[in-house]
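Since the structure comes first, as structure tokens, the remarks are kept for the end.
Just so it is clear: chains get the letters A, B, ... in the order the sequence lines come, proteins before strands, and each one is counted from 1.
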Amino acid sequence: MIAVAGNPNVGKTSLFNVLTGSRHQVGNYSGVTVERVEGRLAARFGGNETTTLIDLPGMYSLTACSEDEAVAFRTLAATGDAAPDGVLLVLDASNLARNLYLAMQVLEQGAPCVVALNMADVATAAGLPADPDALSRELGVPVVVTNARTGEGAQAIADALRTLVADRPRIVAVGGDAFARVSEAMPPATSQARARWLVTTAAAGQLELASAVEQDALRPIDADTWAQAARELIVARYAEVDRLLQIVGHVEELVDKAPAMTASQRIDVVLTHRLFGILVFVGVMGLIFISIFAWADPVMGLIEDGMGAVSELVSDALGPGLLTELLTDGVIAGVGNVVVFVPQIALLFLFLGLLDDSGYLARAAFLLDRVMSRLGLHGRAFIPLLSGYACAIPAIMGTRTISSVKDRIVTILMIPFMSCSARLPIYALIIGALFVDRDGESSGVDRGLVLLGMYLLSTVSALVMGFIYKRTILRSPTPPLVLELPPYRMPRLSNTLLMTYDRVKDFLRSAGTMILAMTIVLWAVLSFPREDTGAGQGGPTVVANSYGGRAAQSLEPVLAPIGQDWRVGVGIIGSFAAREVLVSTMGLVYGLEADDDDPVQLREAMRDAKNDDGTPRYTPLSGLALMVFFVYACQCMSTLAVVRRETRTWRWPIFMFVSMTSIAYVAALLVFQVGRALGYG
Amino acid sequence: MPEPLSRLRVADAGVVTAVEGEGSMSVRLLEMGFVPGTRVEVVKIAPLGDPLELRVRGYHVSLRRAEAAKVVVKRA
């Protein structure tokens, strides 16, 4: 296995794509939420079945300040079978002054290494010479000039990787008392590379990542000594970097001017301008939002129509019966429930990829950090949260850009509170049915205002819940910014498409199977037992007698205080497949064919429904309570399946479901009871 | 006279004399290149007044004022 390491924004993933082609495996590093992408060296470079490349997370250092870096270090420093056969270290030739620091750390590890000197063309254009021979001589490893955009140098890299030679660790001498003192305190047989990693990691307050033996040996050392030792070590490494820069001809005055940034600074005159910068930002976010909200819609409609057509074909071919229902309402509907998310996921990742590749994502975080840091979150949490208004599924997958685990989970927990597009048909049904008088005219309450109210409620709730989680169960300091503003580059569509393809494939495989299984279970719950099959396919009697229907009926004592009856209860159970399914399930209960988009008959049926004593079954107040319930309730198994995929544990999806349902119930209870006490409904 | 980097204004430059404090933030700042003797320049301040855009070691990095306050510089 070859580990591909490098700073962020150096073209590491581009080079990885060139070397591996388009077949990647996306997964997670064991036990953590960090994404792991691996691929095989492409055959055209002489790769075979055994040469696997792992694209490590982009990092500036191996010191374990974040989970990304901890994972990268573990992979690079692994011993025995897990030890990498080699390291491909990608350096940005136009910014060796910072890139070489990571090189110092990687070469300390002693794994056979090949250096790709990427973006040499940018460096040369900026007046910084790229001298691979001098660098190779100094570093003691092969250095190949590459251009990930054109594929230049890829063959040479592949050749070098095939003839890797075991190397001795390249250790930079460190002077200084504190470093000497802590080095002596290390347990015997600690390698120099390990000792150095322990110094910076302990100084960063992460000594708990060390082994038990190491912790015992090192615990007596005080924070001051660690800080001093780390300073001595880092200064020594940078002194060596400066020496190398002199040798390759990167003179200090030139480096200080950041020549590779000259063009970007002209662009930033507009893009981070106090007025125009914010206008552009609002425009870009608006574009992302509209695309996920609206552009994906026709494609999703096509998918739904397609699934409908397949269902019809199947039921025509097989005739009515249990197997037909299992196939149409269980399997085909389940596949539809999975595939329907693909357009939104693809669009979001496409935008995230292009924005990240171009360098704009960093500017967006720069513009927004003041606001997001008030919440205790990183600027990167903004796009996922915004996407939550369209759909929680892509939004939750989009939190992969947040590197702190706790902050990522806070963001994941906030997202389902955002009123997603699947809630809109529910709001529309209830407002259309109950907030109008008999002729369909407004009943005095502005319907638009009610709708706006739901969106405001959901937004405020998401922010409040984030604030609470951040300060209680997921307490952690506001993540540091320390954000590189990389040079703007023309984003590469092929890279982004490949990344998007990988993520979609991963979604279909991991979350998709779960969603499919849950759809079938849900179908069974609403279709069995089948005592009365005479009512035909999915008739009202079947639903009422089903396990789900019976459960809802026995839950009436719980539903009544929030102003609902068992019929709505069945709808709530059915809506677990996807919130908008409430409409069609309610339609089934009333024995109506209910169109999601314009359920005229169902609206009328709900408006006209009477209790036994002749009072209306549903009132504006009970409708409001139901809408508030849906603002909060996590009525979406796909969300839970994706949370499970992203957090790699059932703990968070279960917590999310229980907490959100409890909040939803209490909120609906408050609305209905307080409303009644005040004489409404 | 040495002063915190956060006090510099746009287009001001200084040379790092120290990174103060302990813990992950100071390790991170040092590893990102804010080692003593390095020249730092304030390029821009974000529209909302925070964070700062800085130029150091041939690249641009953004730090919040609170983070930049840990870096002590001597004006160039």
Side-chain angles (χ1 to χ4, degrees), chain A residues 60-61 63 65 92 94-98 101-102 105 128 200-201 203-206 223-224 226-227 230-231 234-235 237-239 241-242 250 252 254-261 264-265 268 272-275 277-278 362 365-371 373 478 480-487, chain B residues 5-6 8-73 75-76:
Chain A
Y60 297 105
S61 146
T63 305
C65 284
D92 174 356
S94 68
N95 184 232
L96 289 177
R98 191 200 64 229
Y101 181 80
L102 180 67
Q105 283 184 309
L128 295 163
T200 47
T201 299
Q206 302 285 329
D224 217 37
W226 281 126
R231 205 151 36 226
I234 296 167
V235 166
R237 283 177 181 148
Y238 265 115
V241 170
D242 285 338
H250 288 202
E252 219 174 311
L254 190 51
V255 168
D256 281 343
K257 283 192 197 126
M261 283 295 293
S264 300
Q265 267 187 273
D268 270 339
T272 56
H273 185 268
R274 58 177 59 211
L275 175 65
I278 289 173
F366 174 72
L367 287 174
L368 219 69
D369 182 70
R370 184 75 190 266
V371 181
S373 61
T478 301
L481 183 64
V482 196
L483 170 79
E484 183 187 0
L485 298 170
Chain B
L5 173 58
S6 52
L8 266 57
R9 289 196 214 147
V10 173
D12 285 356
V15 172
V16 178
T17 60
V19 173
E20 289 190 331
E22 301 154 355
S24 66
M25 195 58 212
S26 49
V27 172
R28 202 184 284 253
L29 287 171
L30 284 163
E31 294 202 300
M32 293 296 279
F34 291 87
V35 288
T38 307
R39 186 175 181 277
V40 192
E41 186 182 330
V42 179
V43 178
K44 193 174 250 188
I45 295 170
L48 300 173
D50 200 20
L52 313 175
E53 179 177 351
L54 305 165
R55 175 159 43 222
V56 62
R57 293 198 81 89
Y59 78 106
H60 286 211
V61 66
S62 174
L63 298 183
R64 294 193 192 115
R65 282 178 188 279
E67 295 162 354
K70 292 194 164 226
V71 180
V72 183
V73 294
R75 271 178 209 258

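Under the 4.5 Å side-chain criterion, counting only non-hydrogen atoms from C-beta, Thr200(A) is not in contact with Leu30(B). Proximity of Val241(A) to Arg57(B): side-chain heavy atoms (C-beta onward) are separated by under 4.5 Å at one or more points. Val482(A) places a side-chain heavy atom less than 4.5 Å from the side chain of Leu63(B). Using a 4.5 Å cut-off on side-chain heavy atoms (C-beta onward), Thr478(A) and Arg64(B) make contact.
Judged purely by distance below 3.5 Å, without hydrogens or angles, the side chains of Glu31(B) and Tyr101(A) pair a donor atom with an acceptor atom.
Atom OG1 in Thr38(B) sits 8.5 Å away from atom CG in Asp256(A) (nearest 0.5 Å). Taking OG of Ser62(B) as the start and CG of Leu485(A) as the end, the distance is 5.5 Å to the nearest 0.5 Å.
For chain B, no part of Gln206(A) is nearby; none of its heavy atoms comes within less than 4.5 Å. For Arg237(A), the part sitting under 4.5 Å from any heavy atom of chain B is the side chain, from C-beta outward, and nothing else. Interface remark: Asp92(A) contributes no atoms to any contact with chain B (heavy atom separation under 4.5 Å). At a 4.5 Å heavy-atom cutoff, His250(A) makes no contact with chain B through either its backbone or its side chain. Contacts of Ile278(A) with chain B are made by side-chain atoms alone, with heavy-atom separations under 4.5 Å and no backbone atom involved. Using a 4.5 Å cut-off between heavy atoms, Ala260(A) makes no contact with chain B at all. Heavy atoms of Ala227(A) lying under 4.5 Å from chain B belong exclusively to its side chain.
Within the structure, every pair that satisfies the side chain to side chain donor-acceptor pair (under 3.5 Å) test and touches residues 43-53 of chain B, not counting sequence neighbours, is listed here: Thr272(A)-Lys44(B), Glu53(B)-His60(B). The side chain to side chain donor-acceptor pair (under 3.5 Å) analysis of residues 11-30 of chain B, with sequence neighbours excluded, yields the pairs Asp12(B)-Arg75(B).
Per-residue heavy-atom pair counts under 4.5 Å with chain A were compared for Arg39(B), Met25(B), Met32(B), and the maximum is reached by Met32(B).
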